[in-house]
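Below: one structure, written as structure tokens.
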Amino acid sequence: MTEEIKEFKTEHKDIKNELESDMKKLVEEINRLKIKAETNHVNETELIKKSLSALTPIPKTHQNQSSNSPLPSYAQSFSPELKLEIEYLLDIAFNKGIV
């Protein structure tokens, strides 16, 4: 049992570090585009969409995907419960927005 807890904590730290890194990149991209947007009169929603698309790698069309999951490849090995939680949070973010 304690070994599973150690694995979970390690996995959780890895996820946290990955998410923090992605968020820092997103903030940098939003700030970069915000400077451009001020001269082009782009609204905040469009700015965030452009920032996300700039940071999201374009998938290869010939690449075999084992699932239709919105999760990044590093999250495919996570437990089913954790995957569901991440997918739920992504759904909220995309459908209700981030405030």
Side-chain angles (χ1 to χ4, degrees):
M1 183 69 165
T2 55
E3 192 63 35
E4 290 176 355
I5 293 171
K6 286 180 185 177
E7 285 180 34
F8 178 77
K9 286 182 179 180
T10 302
E11 188 176 285
H12 186 69
K13 276 185 186 175
D14 293 342
I15 295 168
K16 182 182 175 194
N17 292 337
E18 287 284 336
L19 288 174
E20 286 176 350
S21 173
D22 288 347
M23 289 174 68
K24 285 178 185 175
K25 290 176 188 175
L26 183 58
V27 167
E28 290 171 2
E29 184 66 18
I30 287 173
N31 288 334
R32 187 183 71 75
L33 288 175
K34 194 179 233 182
I35 293 169
K36 273 183 161 179
E38 289 173 354
T39 59
N40 295 336
H41 306 294
V42 176
N43 68 28
E44 288 183 12
T45 304
E46 192 62 33
L47 181 68
I48 291 172
K49 285 181 184 178
K50 286 183 180 183
S51 299
L52 287 171
S53 66
L55 294 177
T56 306
I58 299 171
K60 296 178 183 175
T61 55
H62 301 290
Q63 186 179 18
N64 291 336
Q65 279 193 318
S66 59
S67 70
N68 292 330
S69 175
L71 300 176
S73 60
Y74 64 82
Q76 297 302 321
S77 63
F78 296 164
S79 68
E81 295 85 11
L82 189 54
K83 286 181 184 179
L84 282 174
E85 181 68 23
I86 295 170
E87 288 176 0
Y88 172 72
L89 293 172
L90 286 172
D91 183 55
I92 290 173
F94 287 119
N95 292 314
K96 294 184 181 177
I98 301 172
V99 178

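Since we're looking at a predicted model, the values are computed, not measured. Values below: every heavy atom of this structure, side chains too, minus hydrogens, waters and symmetry copies.
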d(Ile86 CD1, Glu81 CD) to nearest 0.5 Å is 11.5 Å
Heavy-atom count check: over 12 atoms from other residues, nucleotides or ligands less than 6.0 Å from Tyr88 OH? no
Hits for side-chain contact (heavy atoms from CB on, under 4.5 Å) against Leu84, two or more places apart or cross-chain, chain-then-number order -> Glu87
When every non-hydrogen atom of Lys83 is compared with those of Gln76, the smallest separation belongs to NZ-O, 2.8 Å
Going hydrophobic residue to hydrophobic residue with side-chain gaps under 4.5 angstrom, can you get from Leu90 over to Met23? no
For Asn17, the side-chain hydrogen bond (donor to acceptor under 3.5 Å, both in side chains) test, sequence neighbours excluded, returns none
Sorted by chain and number, sequence neighbours left out, side-chain hydrogen bond (donor to acceptor under 3.5 Å, both in side chains) with Asn31 holds for none
| Hydrophobic cluster membership, Ile92 vs Leu26, 4.5 Å side-chain cutoff | no
